[in-house]
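Shown next, in structure tokens, is the structure this report addresses.
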Amino acid sequence: MRAAAVPRTEITIGRGTVAVRQDELDRLLRALGELKHRAAASIADEIGALRVAGVRIHLLPTESEVEALRAAIVAAEPISRSPGSSLARLKALLDEA
């Protein structure tokens with residue numbers, strides 16, 4: 001019997017897309033909330049609103065929002081389980097932007 005598929009939310013930045021598990025997205029949003037920066041709150045609000053609206057999240061982050069996302073990813077996953085983890089791929093996508 002096949003295991004049930006884990007729901008994922010697609011996050012698109014520029015031309016790249018990463019499918020993020022719900023638990024990873026929850027950790028990312030929590031980490032953004034703990035940063036206490038305006039850019040972190042702004043991008044967290046945008047992700048939260050788009051998450052409710054549908055499955056795919058298209059972001060056009062400002063440079064300060066990109067920095068907030070990078071910091072939140074490090075806080076949410078301080079030791080990357082693998083370079084192929086969703087949050088590691090999202091960080092790589094941000095590094096390309």
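Predicted model, so just to flag it, every value in this text is computed and none were measured.
Expressed to the nearest 0.5 Å, how far OG1 of T62 lies from CZ of R38 amounts to 11.5 Å. L25 contributes atom CG, which lies 6.0 Å from atom CD of Q22 (distance to the nearest 0.5 angstrom). Residue L59 holds its CG atom at 5.0 Å from CD1 of I13, rounded to the nearest 0.5 Å. The NZ atom of K91 lies 14.5 Å from the CZ atom of R89; values are rounded to the nearest 0.5 Å.
The shortest side-chain heavy-atom distance between L69 and I47 falls under the 4.5 Å cut-off.
Nearest heavy-atom pair across S85 and E77 is OG-OE1, 3.0 Å. Contact between L32 and A68 at its shortest, heavy atoms only, is CD2-O, 3.7 Å. Heavy-atom minimum distance, L87 versus A76: CD1-CB, 4.2 Å. Closest approach of L93 and T17 over heavy atoms only: CD2-N, 4.1 Å. Of all heavy-atom pairs spanning S42 and E65, the tightest one is OG-OE2, 2.7 Å. Of all heavy-atom pairs between R8 and A19, the closest is NH1-O, 3.5 Å.
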Q: Just do the side chain to side chain contact (heavy atoms under 4.5 Å, CB included) check on I43 and L35 with the steps written out, would you?
A: CA-CA 12 Å; I43 198 72; L35 289 178; over 6 Å; no

(Q) Apply side chain to side chain contact (heavy atoms under 4.5 Å, CB included) to residues D26 and R51 and explain how you reach the verdict. (A) CA-CA 11 Å; D26 290 340; R51 180 185 195 185; 2.7 Å; yes

(Q) Please determine whether side chain to side chain contact (heavy atoms under 4.5 Å, CB included) holds for the pair L28 and L90, giving the CA-CA distance in whole Å, both sets of side-chain angles, and the decisive distance to 0.1 Å. (A) CA-CA 11 Å; L28 179 63; L90 181 59; 4.0 Å; yes

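Looking at R27 and D23, a side-chain N of the basic residue comes within less than 4.0 Å of a carboxylate O on the acidic one, giving a salt bridge.
Heavy-atom neighbours of R70 CZ from other residues, nucleotides or ligands within 6.0 Å: above the threshold of 12.
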